[in-house]
Structure formats: structure tokens, C-alpha cells
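Please read the structure below before turning to the comments.
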Amino acid sequence: MEDDFDQTLDSNYGSSHDKVIVHLDADCFYAQVEMLKNPELRTLPLGVQQKNLLVTCNYVARQFGVKKCMLVSDAKRLCPSLILVKGEDLYDYRQMSTKMTLLLQKFSPLVEKLGLDENFVDVTQLVAETLKSDFAGSRNVEGHIYGDITSRCDCGCYERLCVGSQIASEMRKQLKEELGVTCCAGVAYNKLLAKLVCSTHKPNQQTTLFPAGVSDLMLNLNNVRSLPGIGHRTSEILQSLGISSIEQLQNINLELLEHALGRTLAERLKKLSVGADDMVVKPTGKPQSIGLEDGFRKISLESEVKDKCEVLLQRLMILLAEDGRIPGAIRVTVRKYDNSSRYSHRESRQCNIPSSLFLPKVGTLSSNAHNKLLTSIMKLFHKIIDISKPFHLTLLGVAFTKFQERNTGKGSITSFLVKDISVQSVMNFQNISLHGVEAMECSSSKNAGKQSGSTLNYADKSGSESEPEPSPKKTRADFWRGSRKRSLTESDKDSPNKHRSSELRLSTGEPINEVDFSKLSDGIQEELMESCMSLPSLTDKLGISDNSTPNTSMSIEDNFQTNASQKLWKRLGSNQGPQDQ
DNA sequence: CTGGATGAG
DNA sequence: CATTCTCATCCAG
């Protein structure tokens, strides 16, 4: 007990080298998506703005000194030719994020999202299988190596991390070829180090960290703020203790730190400071809440509140239909204008809602449900704001929570259909009302002219997550296709029953869909809901046999893992020919 | 369970 | 500092 250090060093918490973690971080993600939607922007300085804030920009713009989280006005002063696109609506970014995660899940089921543009993948298993089947030992590292490797650890981590770097390289290759997205990757034996080393070479590069480089990596961090888990608040507390550097954090007395931060956080930060992290990669499932919010300068009338909420609710209903689950509660969030400035204070209220509002029961009128929800929202609003007095809001948000898993068996099939139908309806509507959006040049710029009629690929989503619904064969097949063949384009075109697989269709104007749906909601909403009601007629259209394949989903994971490692092995074998000795 | 604080991108 | 638009986790009430 007197010996604080024993715990850290002895029990090896978070510092064993037995795992291989890859962290992937898409380069200037929002800007990349915008450039995929409109490739003409590639060579121009591009910024993505939300309200008055430049949330990210491409690397052309960065040459002018434009940076993340700048005021738009400042950015324009630095770079008068800066092209700005609006990024308040996250729909396309979310869509691409889902595609990236799905692609990565082909390498391991252990994929954890961090925000929309980052993923952790635990590839320990795939590495082990690859090492097992690859008897010829010569290994080289793909990409950069961080720090020195003069002293090699004897636990076998050197070989594991080498293979990890090759897997990371393959992941980035597929992300680029299949989705058109460039990423950075970091490879290390825990999450913390994988993330930290990831950002040492940017953009579109990867870096592998071996144990000998850990100390350098940690001590080269500028300050404690660089550690994940230390935000501005904890940083202030540490500052008050005279701690700003990583080295200071490494050396501070643990009890002193516990006094200021509590035992749990203090111990965690102590370990993080020396590069130890025992957090597991927790597979990301469906979100626990789905919400939208809108910030603005001033709202002070109840009618404005109601209008805002109605628009938010309409957009939210689309996200909800895509998710496929039924919410049990709704929450309203506001931010009041606060001149005294401290920091942004939000208040929220939530209430339960009857699930009957969402059941796909024939005869349920959507406008009815919609109105009831809007009424609930306004009630919640009145719980926060006393409208008999003047008020000044700068933000309104609406979110659904407490999702119910749906019924087993038929129920889930039905919901599956409802989800697809709602999306299709929106598509159909787009075809009718908006004519000729833009030519789509989305993914790998090769295949510009995809056929436009097919469905969006939301079905993929339910494929690899918690629900055992759709056939995992797809995933496996996709993996093989993606990995063995150079041209994904060809194989996609060739297979007609492939309409559910991962084609990139970002530039078909999904945001336009959404916006237009909102604006014209009066008419459209009825149309959408009517479509949802007529379930039987849609079963034909959708080709149920495709997704209801009674697939014996035994050891799918094992299967694709095996295939993955075979494929990787093959690839490495053929690529390494000349280098082998 | 609710709502606020904090932190992530 | 947050600023944007989300989402998750932790914790006190």
C-alpha cells in the first residue's frame, strides 16, 4: 500500500502487449464527404461551416492557415477564395460513417466508433490467425514506425504489431477503394496508444508503435489536455495542482491526485500518463438516443418555438424510421441566453410516450401521432420555460430515447420493411418532385454512372449489429469481392441481386431529400405515411426472399475471420515475394 | 429514472 | 473559454 508504484508496474494493468488495436481516423472527414459529393471542390480550398463556425476544412485550405474551429470570418480573411459548404445537417456524414464502420467490421466484430470519423478495431484475433497460417516469418511494417525499435520486446508483440500494420494498410486501402475515403491509422497494443500514435503522421498515413517507443510518445505530448478523458474542466483542476505536462502527471503523488479528482479518475489518469490503458474495444451498437438540435441567435416567441420543434420533429421521424426501433421517451433541450457568460448551460425535460404512436398499425394516422408528439414537446418546453415572462433561447433540441427492442419473429420482419419503405418513399418522392439532381460521382471516381433506381443500403446496417436478421453471407461475399478483386465496380454491376450491398450513393442528394421533405412536409408526410401503411403491396417490390433467407447463421464470425486471414495472408504472400529472403 | 456536468469528434 | 451538432458516461438527487 505504501508502495504506490507496485500496482502500476506489477499487475500489468493495461500495459501487457497481448492485443493489437488499430485506430482509424478519417482525414478532415466532413470536408472529404463534401468533396466526394462534389469532386470539383477537390482542388479548391474548402471549408465546412456550421452556423458561424468552420468545423473543418480540406488540406488545400490549410495551406492558407485555415484551421478547425475557426470563425468563418477569420477563415475568409486568411483565405478569401475559401469555398464554404453548410454542414449543419449531419445526414451524409452519418451515412458515410456507417459505411466505414461496416467495412471495418469485416476484419473484426470488435469495432468501436468514436464520433463519426474515428474507429477502434481490435484485430488481435485476425492477427493470431494470420500468424498461425503464415509460417514463413519475414515481417515488415507497413507505414511509419514511431520511435526506436532497437530493443525488441520478447513477448511476441513485435510480430503481432507488424501484422497489425499490414491489416491497417489493407483497411485503409479498402476504405479508399470502396468508399473513396482517406484515413490515418495508428497501430499499438492498446486503445490509448493506437489513438495517440495515429495522429503523428497526417494526413493519409499510418504509424505503428512498439513498446520501445511508448515513453517517447507520451513525453512528447504537449500537455495533459492531450490525454483522452482530460477535458477543459479536469485540465483546470490539474492546473490548480500545478500539473500541466505529462511528466508532471506521471510524477505526482497518487493520493494527492485522488483528493482532487476522486479515486477512479485519478488512477485512470495515472496509468494513461505512462501509456497504460486496459479499456477494451466495445462494439458500437445502435445509439441510445437519436436527437436533433438547432442553434440560433434568438427565439423569444412560443410560436417560433413550436415551428422550430415541428421542423426538428419531422426530420427526426425520418431518422427514427431508418433506425427501425420504437422510442419510449422524448426529450426537449433548450439553451437560454446567458449574458453573464460563464459557460453554455442547457436544460432538458423528458417524458414517456406511448409506443402505440409508432406501431405500424393500419389505420393509425401519422398526422395524429405527429400532433401528439408535438403537443408533448410543447408541454416539456413549458416545464422549462415560463412563457408568462420574457425568454431568450439560443438552442432547441428534440431527442428520442428509451428504445424498445421489437418483437421477435414476424414483428421484426415487419419493422424491417417499415424501415425500408420509409426510405424508399422518400426516394420516390425525390424522383417525382426534384428532377435531375446532380450527376453522381461519389465514390471511387471511376464508376460515375451507377444506376440510380435501387434502394439505399440501410439494410446493411442491421446486418452486422445486434439483430440476427439478414444474411451474413453478404458480408462475407463483400469481403471476398472487395479483397480478391481489384475492381469492385465490375462485380457490383454484374450481380443483379446485389442491390442491398454497399454501394456508395452519397451524391444522390440525400440531404436534399431531407430538407425538401421537411419543407414540404404537409403534403409529403401523408404520402410517406400512406406508403408505410400499405405493407402488403410492398413485399413484392422489395424481394423479400433476398433478406429473409433462412440462413443458418452458425459461426459466421469464424467464417469471415478465417477468410479474412486467408485473404490477408494471400495478399501479403504475393506482395512480399521480392522482399523475402 | 431524471437531469446536469463533462468529454469525445 | 465556447463557438457547432451531436452522442456517451458518470453522478447526485
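Naming: A, B, ... by sequence-line order, numbering from 1 per chain.
- Comparing A:C69 and A:G291 against DNA chain C, the residue whose closest nucleotide sits nearer the 5' end is A:C69.
- Using a 4.0 Å heavy-atom distance criterion, A:L53 is classed as a base contact.
- Residue A:H232 places at least one side-chain N or O under 4.0 Å from the OP1 or OP2 atom of C:dA2.
- Taking every side-chain heavy atom of A:L90 into account, C:dC5 is the closest of C:dA2, C:dC5, B:dG4.
- Counting only distance, with no hydrogens or angles, the side chain of A:N220 and the backbone of A:D216 share a donor-acceptor pair below 3.5 Å.
- Put simply, CZ on A:R346 is 12 Å from C1' on B:dA5, counting in whole angstrom units.
- Residue contacts for A:Q49: at a heavy-atom cut-off of 4.0 Å it reaches no nucleic acid atom on any strand shown.
- Listed nucleotides C:dC7, C:dA2, C:dC5 differ in distance to A:S289; the shortest reach to its side chain belongs to C:dC7.
- A:R335 has its CZ atom 18 Å from the C1' atom of B:dG3, to the nearest Å.
- Contacts with DNA chain B (heavy atom under 4.0 Å) in residues 381-400 of chain A: none are found.
- Summarising the geometry, the separation between CZ on A:R268 and P on B:dG7 is reported as 13 Å, rounded to the nearest angstrom.
- A donor and an acceptor atom, one from each side chain of A:S97 and A:K113, are located under 3.5 Å apart.
- Using modelled atom types, one side-chain atom of A:Q205 and one backbone atom of A:P203 make a donor-acceptor pair closer than 3.5 Å.
- Applying the side-chain contact (heavy atoms from CB on, under 4.5 Å) rule to A:Q404 yields the partners A:I326, A:S355; only residues at least two apart in sequence or on another chain are considered.
- A distance of 7.5 Å separates CG in A:L179 from CE in A:M100, rounded to the nearest 0.5 Å.
- Note on A:D294 versus A:K51: salt bridge recorded, some NZ/NE/NH1/NH2 to OD/OE distance being below 4.0 Å.
- Nucleic acid contact for A:K195: sugar-phosphate only, since backbone atoms but no base atoms lie under 4.0 Å from a heavy atom of the residue.
- Nucleic acid contact for A:K86: none, since no nucleic acid atom lies under 4.0 Å from a heavy atom of the residue.
- In this structure, the nucleotide among C:dC1, C:dT4, C:dA8 sitting nearest to the side chain of A:E236 is C:dC1.
- Here A:G229 lies in heavy-atom contact (under 4.0 Å) with sugar-phosphate atoms only.
- Comparing C:dC7, B:dG4, B:dT6 against the side chain of A:P287 picks out C:dC7 as the nearest.
- Using a 4.0 Å heavy-atom criterion, one finds that A:L227 contacts the sugar-phosphate atoms exclusively.
- Among the nucleotides C:dA2, B:dT6, C:dA8, the one closest to the side chain of A:R233 is B:dT6.
- Taking every side-chain heavy atom of A:K51 into account, C:dC5 is the closest of C:dT6, B:dG3, C:dC5.
- Applying the side-chain contact (heavy atoms from CB on, under 4.5 Å) criterion to A:V55, with sequence neighbours excluded, gives A:Y30, A:V48, A:Q50, A:L53.
- Of the candidate nucleotides C:dT9, B:dT6, C:dT3, C:dT9 has the atom nearest to the side chain of A:K282.
- Looking only at atom types and distance, the side chain of A:K402 has a donor-acceptor partner in the side chain of A:N352 under 3.5 Å away.
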Worked verdict on A:Q32 versus A:Y93 for side-chain hydrogen bond (donor to acceptor under 3.5 Å, both in side chains): CA-CA 9 Å; A:Q32 262 205 279; A:Y93 313 138; over 6 Å; no
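- C:dT3 atom C1' lies 15 Å from atom CG of A:D338, rounded to whole Å.
- Taking the P atom of each, C:dT4 and B:dG3 are spaced 24 Å apart, rounded to whole Å.
- One atom, CG of A:L265, and another, P of C:dT9, lie 16 Å apart when rounded to the nearest Å.
- In this structure, A:K191 places its NZ atom 12 Å from C1' of C:dA8, rounding to the nearest Å.
- Nearer to the 5' terminus of DNA chain C, by closest-nucleotide assignment, is the contact made by A:R225 (compared with the other of A:E293 and A:R225).
- Rounded to an integer number of Å, the gap from A:L261 CG to C:dC10 P is 16 Å.
- For A:K402, a side-chain nitrogen or oxygen approaches OP1 or OP2 of B:dT2 to under 4.0 Å.
- Among the atoms of the strands shown, none is found under 4.0 Å from any heavy atom of A:T264.
- Candidate nucleotides B:dT6, C:dT6, B:dG4 were compared by shortest atom distance to the side chain of A:L292, and C:dT6 ranks first.
- Nearest to the side chain of A:Q350, among B:dG3, C:dA8, B:dG7, sits B:dG3.
- Rounded to an integer number of Å, the gap from CG of A:L272 to P of B:dG7 is 14 Å.
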